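A note on names: the letters A, B, ... follow the listed sequences, proteins ahead of strands, and every chain is numbered from 1. Because the structure is a prediction, the values reported are computed rather than measured.
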Amino acid sequence: MPARSDFFDRVWKVVSEIPLGKVTTYGHIAEFLGSKSAARTVGWALRAAKGSGLPCHRVVNRYGGLSGQSSFGGPYVMEDILRSEGIEFIEEGILDIKKHLWIPGGETK
DNA sequence: CACCTGACAAATT
DNA sequence: TAATTTGCCAGGT
């Protein structure tokens, strides 16, 4: 497998653990990985994971904004998927992060 | 081989 | 309070 790196692999794993209807932020993932400031690397991993079947649309920035729209494939792709999963949007491109925030390791429960 | 870029965030000035 | 800088990791040029 995948060479990439432990960091990437961990990011993919965490993201794949996100329950449907929930979202998480780069900062929380990075923090879970051990480096809270590695949010950049998290986004980097998602970008590399594009096409790997990873639900990267469930990962947003700390404002709940869909940061990776441009890299995802379309400006309305992520939003449409998130809405289909039960995510409430405050406005176009911005979801209610405080209502659907999920924390890695927090368990689905 | 060295520098720059890139889906961010938090701290400091 | 806002603006700027640093930290993080890997990939591309």
Next item on the list: Starting from P on C:dA10, measure out to CH2 on A:Trp12 and report it in whole angstrom.
Entry: 11 Å
Next item on the list: Kindly say whether A:Glu88 contributes a backbone atom to a donor-acceptor pair with the side chain of A:His100 at under 3.5 angstrom?
Entry: yes
Next item on the list: Spell out, as yes or no, whether a donor-acceptor pair under 3.5 Å connects the side chain of A:Thr24 to the backbone of A:Trp102.
Entry: yes
Notebook entry, point to check: Taking the same atom, C1', in C:dA3 and in B:dA7, what whole-Å distance lies between them?
Noted result: 23 Å
Next item on the list: Residues of residues 85-95 of chain A with any non-hydrogen atom less than 4.0 angstrom from an atom of DNA chain B: list those, numerically ordered, please.
Entry: none
Quiz: residues 71-82 of chain A side-chain donor-acceptor pairs under 3.5 angstrom, not counting sequence neighbours:
{"residue": "A:Glu79", "atom": "OE1", "partner": "A:Gly93", "partner atom": "N", "Å": "3.2"}
{"residue": "A:Glu79", "atom": "OE2", "partner": "A:Arg83", "partner atom": "NE", "Å": "3.4"}
{"residue": "A:Glu79", "atom": "OE2", "partner": "A:Arg83", "partner atom": "NH1", "Å": "3.3"}
{"residue": "A:Glu79", "atom": "OE2", "partner": "A:Arg83", "partner atom": "NH2", "Å": "2.9"}

Next item on the list: Taking all non-hydrogen atoms of both residues into account, name the closest pair between A:Gly27 and A:Ala39 and its distance.
Entry: N-CB, 4.2 Å
Checklist line | side-chain contact (heavy atoms from CB on, under 4.5 Å) evaluation trace for A:Leu66 with A:His57 | finding: CA-CA 8 Å; A:Leu66 308 184; A:His57 52 263; over 6 Å; no
Margin query: Hydrophobic clustering (ILVMFWY, side-chain heavy atoms < 4.5 Å, transitive) - are A:Leu101 and A:Ile29 grouped together?
Written below: no
Check: Are A:Ile18 and A:Leu33 linked, directly or through other ILVMFWY residues, by side chains that come within less than 4.5 angstrom of each other?
Finding: yes
Margin query: Using a 4.0 Å heavy-atom cut-off to protein, can you give one letter per nucleotide of nucleotides 6-13 of chain B, 5' to 3': B if the base is in contact, S if only the sugar-phosphate is, - if neither?
Written below: BBBSSS--
Next item on the list: Determine, stepwise, if the pair A:Leu46 / A:Tyr26 fulfils side-chain contact (heavy atoms from CB on, under 4.5 Å).
Entry: CA-CA 10 Å; A:Leu46 297 184; A:Tyr26 299 97; 3.7 Å; yes
